[in-house]
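Note that ligands are numbered from 1 as they come in the structure, with each ligand's atoms numbered from 1 the same way. Predicted model only: the values in this text are computed from it and were never measured.
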Amino acid sequence: MRKIYVFDTTLRDGEQSPGVNLNTREKVEIAHQLERLGIDRMEAGFPAASPGDLAAVNAVAKAVKNVTVIGLSRSREQDIDAVKEALKGAQDPCIHVFLATSPIHRQHKLRMDKGQVLDTARSAIRYAKKTFSKIEFSLEDAGRTEYDFLVEMVNMAVEEGASVVNIPDTVGYLSPYEYGNIFKHLKENVHNIDKVQLSAHCHNDLGMATANTLAAILNGADQIEGTINGIGERAGNTAIEEIAMALETRQEFFQAKTTLQLSEIARTSRLVSRLTGMVVPGNKAIVGANAFAHESGIHQDGMLKEKTTYEIMTPETIGLKESKLVLGKHSGRHAFRERLIDLGYELDEEALNRAFAQFKDLADKKKEVTDEDLLAVIEEKLQDAPEVYKLESIFVTYGDESVPTAKVRIATLDGETVEKQAEGNGSVDAIYNAIDQVSGEEVTLSDYSIKSVTHGKDALGEVHVVLTQNQVSVQGRGVSTDILGASARAYVDGLNQLIEKRKTYTNRVNVNL
Ligand SMILES: CC(=O)SCCNC(=O)CCNC(=O)[C@H](O)C(C)(C)COP(=O)(O)OP(=O)(O)OC[C@H]1O[C@@H](n2cnc3c(N)ncnc32)[C@H](O)[C@@H]1OP(=O)(O)O
Ligand SMILES: CC(C)C(=O)C(=O)O
């Protein structure tokens with residue numbers, strides 16, 4: 001199994017993400033976590049960029065052990081001198097010198113021809129060699145460079161004693177086949193290529209950074225460069241966690257792996273996201289919130305039976321506690337039943353079906369049904385009164401210049417559906433008047449209260465009513481994301497309780513007679 005060296009550039013290329021600006025303390029904190037993650041090499045910044053960058057690189061260089069600490073430099077002596085200053089105190093320093101090689105960069109940015117690029121790079125490597133035993137040389141925009149010039153530049157870097165030669169697809173232009181082919185070509189055409197490590201450095205402009213990096217590994221790359229969460233210039237760099245987990249999960253295919261502490265991935269991702277302010281998308285591979293979350297019923301059923309039906313790696317591997325079965329409108333009975341058991345409720349089939357129907361109704365209205373929601377639904381369904389009346393729908397019209405009007409449709413125990421409309425002093429009053437027309441009952445609303453049983457804008461509202469008839473009072477309870485719906489459900493529940501209580505009382509009187 002071939003070892004792939006991990007060169008983390010979160011603190012340099014990652015920090016080049018627009019809007020990201022890490023101070024020294026934040027860089028050192030991330031550096032310590034990268035050390036715990038077990039990366040091999042850490043690019044701490046670009047010392048020539050500013051005195052602050054130089055100081056930050058120096059702080060990182062002094063703070064971490066057992067990691068090669070790197071500073072980036074243009075092919076200019078003042079930049080190389082800045083790296084030398086910044087890496088004072090580093091246990092294992094390395095300089096990373098770069099120069100663009102593509103026709104576009106040669107002509108329009110550097111205004112150099114090939115010969116001048118070659119000579120400038122050679123002079124820079126020789127100058128760096130006076131101070132550093134470890135030198136990485138990058139051919140910026142290698143992805144758009146002529147193959148023959150790539151070979152010429154890499155031959156030069158090998159001859160001048162570079163330890164690593166990095167082949168950036170700087171603008172994320174290539175496909176996996178093309179990028180992998182560059183490594184194949186260099187391996188076959190550069191003299192003494194085995195005297196250096198070849199490195200892959202990809203950007204995600206076309207969403208192919210991870211695939212390109214893996215293609216480079218399949219074609220002989222010894223090192224991969226990337227960032228945590230894939231942050232970086234424009235659409236970002238290769239995400240290190242994706243490479244690490246691809247090699248771990250598909251060892252039999254890649255025959256290569258990193259030596260990262262995979263269980264530190266989740267923690268590292270959270271820290272980098274927090275300190276850089278770069279939010280990780282929910283669907284981000286490996287570290288996104290949904291990466292180990294399942295909502296659809298068929299998936300949840302499969303997961304409950306055998307996790308490998310829908311998970312090719314375990315959340316524990318990256319340091320997460322467990323997979324999440326998210327209850328929502330796509331969930332099925334199996335996951336619903338399991339969650340109720342976790343909450344302490346084992347319902348019989350009929351009660352479960354009733355509660356499941358209530359859950360689905362709720363799930364149609366909410367993004368995610370939380371445990372509190374479930375408890376509210378279950379506890380409402382656990383009311384013992386049979387449903388003489390079952391609310392099917394309500395329709396309310398309200399305006400501060402019109403009379404509130406409500407229309408209700410209620411199923412009765414004998415299988416009929418009754419629809420009534422009424423006005424009221426307010427929406428709830430209109431609803432209750434319409435329900436009274438259906439039931440024909442004369443009850444007094446003795447008390448009405450409402451509270452939120454869950455959190456957020458789509459929180460569940462719970463309404464409690466006390467209905468009184470002939471000195472007999474009962475409580476009704478209703479839960480819904482809409483307070484008018486909860487009010488109607490509570491009133492109908494109270495009516496059912498009242499009828500049940502009256503029946504029980506009558507039975508008792510009959511028995512006593
Ligand atoms: C692909 C990458 O991510 S490369 C790294 C990108 N990171 C950064 O740019 C870090 C922040 N940058 C900076 O702070 C500044 O650009 C500095 C300090 C590096 C240079 O600032 P300035 O001297 O003002 O130059 P400026 O940024 O305007 O232009 C860059 C100059 O460097 C030259 N240059 C660019 N790359 C290289 C290189 N690898 N080697 C030598 N010269 C280079 C350009 O040709 C240009 O030179 P010119 O002004 O003679 O035309
Ligand atoms: C400096 C080099 C390695 C780089 O960041 C790029 O080319 O993307």
Side-chain angles (χ1 to χ4, degrees), residues 7-22 41-57 70-83 85-86 94-102 104-113 116-128 135-145 150 153-154 157 162 164-174 179 182 197-206 208-209 212-213 216 221 223-227 230-238:
F7 174 121
D8 178 284
T9 187
T10 301
L11 297 178
R12 197 274 301 175
D13 215 337
E15 201 203 13
Q16 288 173 199
S17 305
V20 173
N21 182 1
L22 295 167
R41 293 146 189 176
M42 180 191 309
E43 189 170 52
F46 194 135
S50 70
D53 244 48
L54 191 151
V57 172
I70 298 162
L72 181 66
S73 164
R74 289 175 299 174
S75 295
R76 293 194 177 193
E77 290 188 2
Q78 78 253 34
D79 285 30
I80 293 167
D81 292 340
V83 174
E85 180 64 24
C94 170
I95 187 166
H96 179 189
V97 180
F98 75 96
L99 187 60
T101 54
S102 67
I104 295 173
H105 282 238
R106 296 196 305 259
Q107 180 186 350
H108 298 292
K109 184 184 78 174
L110 300 174
R111 299 185 182 119
M112 295 180 187
D113 62 26
Q116 290 166 317
V117 168
L118 193 67
D119 292 343
T120 303
R122 179 182 282 115
S123 303
I125 294 172
R126 285 181 176 172
Y127 185 75
I135 298 175
E136 172 169 325
F137 178 71
S138 283
L139 294 74
E140 186 188 1
D141 205 19
R144 294 187 296 180
T145 299
L150 287 176
M153 288 294 292
V154 177
V164 178
V165 177
N166 183 39
I167 310 295
D169 180 21
T170 301
V171 291
Y173 183 70
L174 297 182
Y179 190 63
I182 289 178
Q197 288 183 350
L198 274 185
S199 174
H201 179 111
C202 298
H203 281 268
N204 208 34
D205 300 74
L206 293 175
M208 295 192 277
N212 286 350
T213 302
Q223 170 181 281
I224 65 101
E225 302 192 359
T227 61
I231 64 173
E233 286 281 4
R234 307 178 310 279
N237 288 65
T238 299

For a 4.5 angstrom cut-off between non-hydrogen side-chain atoms, does [X] reach [Y]?
| X | Y | answer |
| --- | --- | --- |
| Ile70 | Leu72 | no |
| Met153 | Thr145 | no |
| Leu99 | Thr120 | yes |
| Asp81 | Tyr127 | yes |

Side-chain donor-acceptor pair under 3.5 Å between Asn166 and Ser138, yes or no?
-> yes
Just by distance, with hydrogens left out, do Ser199 and Glu225 show a side-chain donor and acceptor under 3.5 Å apart?
-> yes
Is it true that Arg144 and Asp141 have a side-chain N and a carboxylate O under 4.0 angstrom from each other?
-> yes
With a 4.0 Å heavy-atom cut-off (strictly under), which part of [X] contacts ligand 2: side chain, backbone, both or neither?
| X | value |
| --- | --- |
| Thr170 | both |
| Asn166 | side chain |
| Glu225 | neither |

Pick from Arg234, His203, Gln16: the one approaching atom 8 (O) of ligand 2 most closely through a non-hydrogen atom | His203
Do His96 and ligand 2 have an N or O pair less than 3.5 Å apart?
-> no
What atoms of ligand 2 come within less than 4.0 Å of a heavy atom belonging to [X]?
| X | result |
| --- | --- |
| Glu140 | 7 (O) |
| Ser138 | 3 (C) |
| Asp13 | 5 (O) |

Hey, does Glu233 sit under 4.0 Å from ligand 2 if you only count heavy atoms?
-> no
Looking only at heavy atoms of Arg12, does any of them come nearer than 4.0 Å to an atom of ligand 2?
-> yes
Exercise answer, ligand 1 polar atom pairs (N/O) under 3.5 angstrom:
unit_1   : atom_1 : unit_2 : atom_2 : d
ligand 1 : 3 (O)  : Arg12  : NH1    : 3.2
ligand 1 : 3 (O)  : Gln16  : NE2    : 3.0
ligand 1 : 7 (N)  : Gln16  : OE1    : 3.1
ligand 1 : 32 (O) : Arg74  : NH1    : 2.8
ligand 1 : 39 (N) : Phe98  : O      : 2.8
ligand 1 : 40 (N) : Ser75  : N      : 3.0
ligand 1 : 42 (N) : Arg76  : NE     : 3.2
ligand 1 : 45 (O) : Lys109 : O      : 3.4
ligand 1 : 47 (O) : Arg76  : NH2    : 3.2

Quick one: nearest non-hydrogen protein atom to atom 4 (C) of ligand 2, plus distance?
-> His201 NE2, 3.6 Å
Among Arg111, Arg106, His105, find the residue that satisfies the side-chain contact (heavy atoms from CB on, under 4.5 Å) test when tested with Lys109.
-> His105
Scan Ile182, Val164, Val165 and name whichever one has a side-chain contact (heavy atoms from CB on, under 4.5 Å) with Leu198.
-> Val165
Sidechain-backbone polar pair: Asn204 side chain, Met208 backbone, donor-acceptor under 3.5 Å = yes
Please set out all donor-acceptor pairs under 3.5 angstrom arising from side-chain atoms of residues 41-48, sequence neighbours excluded.
unit_1 : atom_1 : unit_2 : atom_2 : d
Arg41  : NH1    : Gln197 : OE1    : 2.7
Arg41  : NH1    : Gln223 : OE1    : 2.5
Arg41  : NH2    : Gln197 : OE1    : 3.2
Glu43  : OE1    : Thr9   : OG1    : 2.6
Glu43  : OE1    : Arg12  : NE     : 2.7
Glu43  : OE1    : Arg12  : NH2    : 3.2
Glu43  : OE2    : His96  : ND1    : 2.6

